[in-house]
Novice: 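Following this message is one structure expressed as structure tokens.
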Amino acid sequence: MSEIKITLPDGSVKQYEAGTSALQIAQSISEGLARNIIAAKVNGKVVDVTLPILTDADLVLLKWEDKEGKNTFWHSSAHLLAEALEFLYPGVKFGIGPAIDSGFYYDIDFGDHKFTSEDFSKLENKMLELAKSDNKYERKEVSKADATAYFTEKGDQYKLELIQDLNDGEITFYSQGNFTDLCRGPHIPGTGFIKAVKITSLAGAYWRGNEKNKQLTRIYGITFPKKAELDAHILMLEEAKKRDHRVLGKDLEIFCFDDDVGPGLPLWLPKGAAIIERLEEFAKKTEKEAGYVRVKSPHIAKESMYIKSGHLPYYQDSMFPPMELDGTKYYLKPMNCPHHHKIFDATPKSYKDLPVRYAEYGTCYRYEQSGELFGLMRVRSLTMNDAHIYCTKAQFEEEFKAVNNLYLKYFKVFGIEKYVMRFSKHDPKKLGQKYINSPELWKETEDMVRNVLISAGIPYVEVEDEAAFYGPKIDIQIWSAIGREFTLATNQVDFAQAEKFDLSFINEKSEKERPLILHRAPLSTHERFIGFLLEHYAGKFPLWLAPEQLIILPISEKYQEYAENVLKVLKKHDIRALIDDRSEKTGKKIRDAEMKKLPLMLIVGEKEQAENTVSVRKQGGEDLGTMSVEGLTDWINKEIEKQLN
RNA sequence: GCCGUUGUAGCUCAGGGGUAGAGCACUUCCUUGGUAAGGAAGAGGCCAAGGGUUCAAAUCCCUUCAAUGGCUCCA
């Protein structure tokens with residue numbers, strides 16, 4: 001028997017007989033380890049622990065704590081779910097059942113049976129019961145003919161469809177107990193590892209994600225190797241819910257929706273509007289320093305402009321239906337670009353004028369499908385931190401870099417650490433349908449964008465078929481504190497609209513030349529950005545941004561007048577302050593101020609009045625001690641200075 | 001738009017075929033208290049809207065609207 005060399009993650013090398021499995025190797029190290037491994041990574045590929053290893057290999061033993069371990073665990077749990085379902089509802093058909101970031105799902109065709117959330121506990125119990133019998137997951141290689149025969153007999157057209165796309169010789173089945181599934185694997189050794197099960201939700205999902213296909217029932221679940229971990233998970237979900245921007249937005253009186261106003265049309269309450277004011281002040285100052293000028297445009301425009309821009313054929317489904325006036329159709333603007341192009345075109349431009357940078361907080365209206373609306377993250381009226389840069393090809397790289405620097409500056413101010421730039425390209429197959437039919441321009445601009453990204457050393461990923469119809473774009477993906485991922489901002493190259501609007505400037509040779517256009521919106525829309533910030537800060541806005549910066553808490557009504565004098569001085573310094581004049585005890589006032597997440601509390605009583613000072617408590621409990629009102633305003637100004645730079 | 005769930009006081013929710021309940025918030029009074037909940041009283045609702053079943057509907061059924069978890073789509 002030949003020997004193989006196994007290299008472990010710590011670099012140590014051990015010799016085993018060829019055909020030894022990861023499980024046996026684990027056993028040779030320690031029984032405890034062997035009990036805990038649920039999958040193995042052999043030369044970078046995750047496999048079953050029982051799979052014989054035939055050649056020299058790098059080996060990582062995967063436990064529940066490892067990402068791939070969890071993944072395998074949940075994938076196996078999906079099979080357990082299927083087994084339980086088949087037992088409870090014989091004849092159900094299965095789509096796919098993968099692991100996801102947090103748990104797993106299985107797509108099921110229940111036929112005529114209706115599965116509801118009331119059946120969850122029945123399903124959970126069955127799964128636990130099957131888990132207890134600790135059936136082994138057994139791998140079997142099958143021929144395409146045998147695989148087809150098996151699922152034909154079972155009458156599962158979804159699995160048959162999947163098999164059709166597979167090559168003979170690469171098809172494997174996994175069985176546990178009485179259930180067999182088409183599956184690439186790998187799986188945990190046995191169902192006994194699964195000790196806690198929670199079916200989390202139920203949803204419709206189209207077969208293969210295509211709207212035209214049959215809608216299957218998707219069952220989501222999550223499992224754990226210990227009951228305590230499930231409890232911790234549930235607790236974590238509750239914490240995340242407290243941080244949800246929709247919950248905080250209501251609690252902190254930032255925004256609301258109203259049935260009479262309409263879905264997706266947020267109303268900003270005074271505190272929300274105050275945050276908007278701060279953001280705009282900050283953005284305007286920053287943009288001014290970066291050489292932008294501000295413009296203003298109306299919220300509607302005639303149909304002819306959107307025909308000219310080319311938006312209508314590509315975008316009409318996302319626009320509010322037009323209103324007709326004297327035989328002319330007017331649309332609510334879904335974006336600001338065409339208006340800005342018209343502003344560019346309003347006066348003749350020389351190459352000496354370029355780059356021209358037009359900025360506007362522009363309110364747009366988009367008819368998002370009702371099911372897509374989501375708190376502040378997806379709405380139908382949105383105010384964008386928009387700007388368009390018109391430049392020459394030679395200036396493009398520098399402008400693009402400057403925009404990127406702007407992003408980085410903002411990320412720093414807002415403490416956004418986790419982000420990825422997605423470089424979205426066109427799909428050549430969809431030229432003329434989803435994308436403007438100019439193959440050479442697509443190539444040229446995409447190369448240009450890539451070059452800038454590489455030369456600036458910015459981490460990015462390239463994705464196909466996600467560009468705007470007029471050019472490639474960069475989307476910035478960020479993650480909110482509760483792990484919600486979304487596209488924050490977009491940065492788009494536009495080679496098409498200058499042509500469509502016949503935009504030009506006079507170059508050095510006195511000839512007309514088309515500008516390149518850069519669309520950018522680093523602070524996204526007020527809606528999405530404030531939604532993000534609510535979750536990011538858990539409602540605890542930094543001093544510069546907080547709608548109310550501090551609250552004065554008089555110890556008793558005797559110090560009310562002194563509190564008012566302090567307030568007057570603070571207001572003179574443009575500090576957003578208020579007084580809690582209720583006849584409550586100080587402890588209660590502090591608690592309420594904490595709940596409202598006010599950054600600072602000023603406690604004033606006999607001592608402060610006598611010394612003409614205030615006692616300052618930071619949100620969260622930190623005591624900043626006693627200071628004069630002037631000392632406090634200095635401190636606040638310095639703090640804000642720090643936060644913004 | 002599609003599938004599932006939900007809609008009761010300002011908020012969080014309980015109840016449930018015989019004409020509405022708690023806690024918090026709010027108002028008033030007592031209390032004047034030093035770093036996360038002082039006490040009492042009061043006020044608050046066409047039980048999302050419309051239709052049906054019934055002697056009787058907030059409760060059962062249907063429709064609509066909205067929210068919500070997903071799918072598809074996006075800043």
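We name chains A, B, ... by the order of the sequence lines, and we start the count at 1 in each one. All values derive from a computational prediction rather than experimental measurement.
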Novice: Test Tyr361(A) against every option in Asp386(A), Leu523(A), Thr525(A) by the side chain to side chain contact (heavy atoms under 4.5 Å, CB included) rule and name the one that passes.
Specialist: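 Going through Asp386(A), Leu523(A), Thr525(A) one by one, the side chain to side chain contact (heavy atoms under 4.5 Å, CB included) with Tyr361(A) is satisfied by Leu523(A) alone.
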Novice: So what does Tyr220(A) hit on the nucleic acid, given a heavy-atom distance under 4.0 Å: a base, only sugar-phosphate, or nothing?
Specialist: sugar-phosphate
Novice: Has the side chain of Arg378(A) got a donor or acceptor atom sitting under 3.5 Å from an opposite partner on the base of rC73(B)?
Specialist: yes
Novice: At less than 3.5 Å, do the side-chain atoms of Thr586(A) and the base atoms of rU35(B) form a donor-acceptor pair?
Specialist: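 Check fails, no donor-acceptor contact within cut-off.
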Novice: Mind checking Lys473(A) for me? I need base, sugar-phosphate or nothing, with any heavy atom below 4.0 Å counting as a touch.
Specialist: sugar-phosphate
Novice: Paired with rA36(B) by Watson-Crick or G-U wobble geometry, both distances under 3.5 Å: which nucleotide is it?
Specialist: none
Novice: Donor-acceptor check, side chain of Ser201(A) to backbone of Tyr220(A), threshold 3.5 angstrom: yes or no?
Specialist: no
Novice: For rG1(B), take OP1 and OP2 only and decide whether either is under 4.0 Å from a side-chain N or O of Ser370(A).
Specialist: yes
Novice: Salt bridge check, Lys430(A) against Glu464(A): does any charged N sit closer than 4.0 Å to a carboxylate O?
Specialist: no
Novice: Check this for me: does the side-chain of Tyr206(A) come within 3.5 Å of the base of rG1(B) through a donor and an acceptor?
Specialist: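 Donor-acceptor pair under 3.5 Å: yes.
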Novice: If I pick the C1' atom on rG45(B) and the same atom on rC11(B), what distance separates them, to the nearest angstrom?
Specialist: 14 Å
Novice: Is there a Watson-Crick or G-U wobble partner for rC26(B) with both distances under 3.5 Å, and which nucleotide is it?
Specialist: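 WC or wobble partner is rG42(B).
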Novice: Calculate the interatomic distance between Met377(A) atom CE and rU68(B) atom P; express it in whole Å.
Specialist: 12 Å
Novice: How close or far is atom C1' of rU5(B) from atom CD1 of Ile199(A), stated in whole angstroms?
Specialist: 16 Å
Novice: Which one, rG70(B), rG1(B), rC11(B), comes nearest to the side chain of Gln369(A)?
Specialist: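 Nearest nucleotide to the side chain: rG1(B).
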Novice: Check every strand shown and say whether Gly587(A) touches a base, only sugar-phosphate, or nothing at a heavy-atom separation below 4.0 Å.
Specialist: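 It contacts sugar-phosphate atoms only.
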Novice: Taking only the side-chain heavy atoms of Ile555(A) (C-beta and beyond), determine which of rG1(B), rA36(B), rG34(B) contains the nearest atom.
Specialist: rG34(B)
Novice: Would you say a side-chain N or O of Lys585(A) is under 4.0 Å from OP1 or OP2 of rA36(B)?
Specialist: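 False: Lys585(A) side-chain N/O out of range (4.0 Å or more) of rA36(B) OP1/OP2.
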Novice: Tell which nucleotide pairs with rC74(B), taking only Watson-Crick or G-U wobble pairs whose two distances are both under 3.5 angstrom.
Specialist: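 rC74(B) is unpaired by these criteria.
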Novice: Between rA37(B) atom P and Lys596(A) atom NZ, what is the distance in whole Å?
Specialist: 16 Å
Novice: Does Arg246(A) make a side-chain N or O approach to OP1 or OP2 of rG69(B) shorter than 4.0 Å?
Specialist: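 For rG69(B), OP1 or OP2 has a side-chain N or O of Arg246(A) closer than 4.0 Å.
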Novice: Under a 3.5 Å distance rule, please check whether Gln492(A) uses its side chain to pair with a backbone N or O of Ile474(A) as donor and acceptor.
Specialist: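 No: the side chain of Gln492(A) does not pair with the backbone of Ile474(A).
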Novice: Under a 3.5 Å cut-off for both distances, is rG7(B) Watson-Crick or wobble paired, and to whom?
Specialist: rC65(B)
Novice: What is the nucleic acid contact for Thr200(A), judged by heavy atoms within less than 4.0 Å: base, sugar-phosphate only, or nothing?
Specialist: nothing
Novice: Heavy atoms only, 4.0 Å cut-off, all strands: where does Ser615(A) land among base, sugar-phosphate and nothing?
Specialist: base
Novice: By the 4.0 Å heavy-atom rule, please label Lys589(A) as base, sugar-phosphate, or nothing.
Specialist: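 The residue Lys589(A) makes no contact with any strand.
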Novice: For rC47(B), give its Watson-Crick or G-U wobble partner with both distances under 3.5 Å, or none.
Specialist: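 Looking at the geometry, rC47(B) pairs with no nucleotide.
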Novice: Could you give the CG-to-P distance, from Asp107(A) to rC71(B), as a whole number of Å?
Specialist: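 Value for this atom pair: 10 Å.
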Novice: Is any side-chain N or O of Lys588(A) closer than 4.0 Å to OP1 or OP2 of rA25(B)?
Specialist: yes
Novice: Look at all strands and tell whether Glu608(A) reaches a base, only sugar-phosphate, or nothing, counting heavy atoms closer than 4.0 Å.
Specialist: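 Base, at least one base atom sits under 4.0 Å.
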Novice: Counting distance only, does the side-chain N/O of Arg357(A) pair as donor-acceptor with the main-chain N or O of Ile389(A) below 3.5 Å?
Specialist: no
Novice: Nearest of rA36(B), rA75(B), rC26(B) to any side-chain atom of Arg582(A)?
Specialist: rC26(B)
Novice: Between Asp165(A) and Arg208(A), does at least one N-O distance fall below 4.0 Å, as a salt bridge requires?
Specialist: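 Yes, charged N to carboxylate O under 4.0 Å.
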Novice: Need one value for Glu368(A): base, sugar-phosphate or nothing, where a base atom within 4.0 Å counts as base even if backbone is also close, heavy atoms only.
Specialist: base
Novice: Using atom types as modelled and distance alone, determine if a side-chain donor or acceptor of Lys618(A) lies under 3.5 Å from a backbone N or O of Asp623(A).
Specialist: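 Looks like no, no N/O pair under 3.5 Å.
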Novice: Calculate the interatomic distance between Tyr367(A) atom OH and rA75(B) atom C1'; express it in whole Å.
Specialist: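 Between C1' of rA75(B) and OH of Tyr367(A): 19 Å.
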Novice: Considering every strand shown, what is the Watson-Crick or G-U wobble mate of rC60(B) when both distances are under 3.5 Å?
Specialist: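 Paired with rC60(B), as far as the under-3.5 Å criterion goes, is rG52(B).
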Novice: NA contact type, Arg528(A), heavy-atom cut-off 4.0 Å: base, sugar-phosphate, or nothing?
Specialist: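 The residue Arg528(A) makes base contact.
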Novice: Check every strand shown and say whether Leu488(A) touches a base, only sugar-phosphate, or nothing at a heavy-atom separation below 4.0 Å.
Specialist: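 Sugar-phosphate contact only - Leu488(A) comes under 4.0 Å of backbone atoms but never of a base.
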Novice: Under 4.0 Å between any heavy atoms, over every strand shown, what does Phe529(A) touch: base, sugar-phosphate, or nothing? Just pick one.
Specialist: nothing
Novice: Measure from the side-chain heavy atoms of Asp259(A) and tell me the nearest of rA75(B), rA66(B), rC30(B).
Specialist: rA66(B)
Novice: Could you tell me whether the side chain of Arg617(A) has a donor or acceptor atom within less than 3.5 Å of a complementary atom in the base of rA36(B)?
Specialist: yes
Novice: Which part of the nucleic acid does Ser201(A) contact within heavy-atom distance under 4.0 Å: base, sugar-phosphate only, or nothing?
Specialist: sugar-phosphate
Novice: Check this for me: does any side-chain nitrogen of one of Glu446(A) and Lys425(A) sit under 4.0 Å from a carboxylate oxygen of the other?
Specialist: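 Salt bridge: no.
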Novice: Rounding to the closest angstrom, what is the interatomic distance between rU12(B) and rA67(B) at atom C1'?
Specialist: 16 Å
Novice: What is the glycosidic conformation of rG44(B): syn, defined as within 90° of 0, or anti?
Specialist: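 Base orientation: syn.
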Novice: Report the base-pairing partner of rG21(B) (Watson-Crick or G-U wobble, both distances below 3.5 angstrom), or none.
Specialist: rC13(B)
